[in-house]
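Worksheet for the structure shown next.
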Protein chains: 2
Amino acid sequence: MISGKFAITIHILTLLHQFPEEYLSSEFLASSMNVHPVLVRKEIANLKKNNIVVSKEGKNGGSKLSVSAASLTLDTIFKMTFETVNLGYAKNTPNPKCPIGRKMNEKLSDLYDEINTKISSELSNITLEKFSNQF
Amino acid sequence: MISGKFAITIHILTLLHQFPEEYLSSEFLASSMNVHPVLVRKEIANLKKNNIVVSKEGKNGGSKLSVSAASLTLDTIFKMTFETVNLGYAKNTPNPKCPIGRKMNEKLSDLYDEINTKISSELSNITLEKFSNQF
DNA sequence: TATATTTGTAACATATTTTATTACAGTATG
DNA sequence: CATACTGTAATAAAATATGTTACAAATATA
């Protein structure tokens with residue numbers, strides 16, 4: 001099971017980019033992706049923490065992009081919504097008495113680090129503008 | 001939550017490579033990674049289906065590599081243990097009435113396809129032998 | 001200023017997925 | 001023939017993700 005944070009965040013940003021002049025409500029955004037508005041607000045909280053959107057409370061409130069879509073790359077979103085991508089660990093606690101088990105997580109981590117670097121470099125070539133303009 | 005299939009399978013293969021002449025039991029393998037032997041047997045079933053290991057039932061039975069560790073790359077394991085790696089979908093059913101929502105999963109899929117290709121090409125440079133010789 | 005609407009957030013409930021456990025038939029070894 | 005394995009299904013438990021409810025605080029606008 002992979003949390004939909006990345007997808008939800010990309011979806012939010014795409015919508016915000018498509019309606020650049022308006023403050024879009026979490027309910028409107030949620031209805032496009034068919035998830036609960038509270039989930040949307042949680043991801044928006046994360047986007048705000050990273051200074052990517054601004055929100056306005058109260059009536060006619062909502063959220064709006066606060067950076068240019070041409071300068072925001074998907075790599076940033078990737079790093080915001082994943083600790084790291086990994087392909088899993090057998091367990092956090094392999095047997096320390098086994099010389100292989102003892103070092104397995106470390107070696108898997110090294111491997112996953114390489115993969116993350118690749119993904120990041122791939123995503124750093126895709127701006128929100130470019131992604132959004134596919135629609 | 002990411003299933004540990006990849007990690008468990010790599011762990012199994014590393015142990016099999018370290019003890020190339022022996023049939024290793026699922027209990028021995030499981031004790032190195034501290035998971036349940038039945039989980040190990042399930043991954044071994046997958047490895048057998050892909051003709052990477054052979055097993056012997058009965059007393060003193062267990063599993064053994066049936067391919068050379070130098071010719072097996074981690075890419076093969078990746079493809080065996082993941083449908084695809086993806087960064088998640090907001091939901092399988094975004095709102096079809098929304099022109100953005102309607103096409104989102106398709107565009108995310110395209111993106112994830114690119115990422116998978118990168119990961120595969122990265123992993124195809126790492127043989128089991130190379131990985132295992134780190135220990 | 002009162003009302004309606006929206007964010008922000010916490011607390012809890014439900015659903016889904018992963019992992020563990022139990023059970024037992026089948027098979028090879030000695 | 002007893003023992004020690006695999007193979008596999010069925011079920012239980014644990015972990016995680018998602019949904020829901022609730023409500024305080026903020027703000028537009030009637």
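Residue numbering restarts at 1 for every chain, and letters A, B, ... go by the order of the sequence lines.
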For A/Lys64 and C/dT7, what is the distance between atoms NZ and C1' respectively, to the nearest whole Å? 17 Å

What are the atom names and distances for every N/O pair under 3.5 Å that joins the protein to nucleotides 3-7 of chain D?
{"from": "D/dA4", "atom 1": "N3", "to": "B/Lys59", "atom 2": "N", "distance (Å)": "3.3"}
{"from": "D/dC5", "atom 1": "O2", "to": "B/Gly58", "atom 2": "N", "distance (Å)": "3.4"}
{"from": "D/dT6", "atom 1": "OP1", "to": "B/Ser26", "atom 2": "N", "distance (Å)": "2.8"}
{"from": "D/dT6", "atom 1": "OP2", "to": "B/Ser26", "atom 2": "OG", "distance (Å)": "2.7"}
{"from": "D/dG7", "atom 1": "OP1", "to": "B/Lys48", "atom 2": "NZ", "distance (Å)": "2.1"}
{"from": "D/dG7", "atom 1": "N7", "to": "B/Arg41", "atom 2": "NE", "distance (Å)": "3.0"}
{"from": "D/dG7", "atom 1": "O6", "to": "B/Arg41", "atom 2": "NH2", "distance (Å)": "3.2"}

Please list all pairs meeting side chain to side chain donor-acceptor pair (under 3.5 Å) that have one or both residues in residues 35-49 of chain A, counting only residues at least two apart or in different chains. A/Ser26-A/Arg41, A/Asn46-A/Asn50

Distance in angstrom units between A/Met33 CE and D/dG19 P, rounded: 11 Å

Just how far, in rounded Å, is P of C/dT9 from CG of A/Asn46? 12 Å

Partner residues of B/Ser120 under the side-chain hydrogen bond (donor to acceptor under 3.5 Å, both in side chains) criterion, sequence neighbours left out: B/Asp75

For atom CG of A/Leu29 and atom C1' of C/dT5, their distance in whole Å: 15 Å

According to side-chain hydrogen bond (donor to acceptor under 3.5 Å, both in side chains), who are the partners of A/Ser63, at least two apart in sequence or on a separate chain? A/Ser55

Among residues at least two apart in sequence or on other chains, which ones pass salt bridge (Lys or Arg N to Asp or Glu O under 4.0 Å) with A/Lys118? B/Glu122

Value in whole Å for how far the C1' atom of C/dT18 lies from CZ of B/Phe6: 18 Å

Whole-Å distance, A/His36 NE2 to C/dT7 C1', equals 14 Å

Classify the ring geometry between A/Tyr112 and B/Phe6 as parallel (under 30°), tilted (30 to 60°) or perpendicular (over 60°). tilted

Just grab all the ring pair (Phe, Tyr, Trp, His ring centres under 6.0 Å) pairs involving residues 116-135 of chain A, residues at least two apart or on different chains. A/Phe131-A/Phe135

Atom NZ of A/Lys42 to atom C1' of C/dC12: distance rounded to whole Å? 11 Å

Could you check how far CG of B/Leu39 sits from C1' of D/dT8, rounded to whole Å? 13 Å

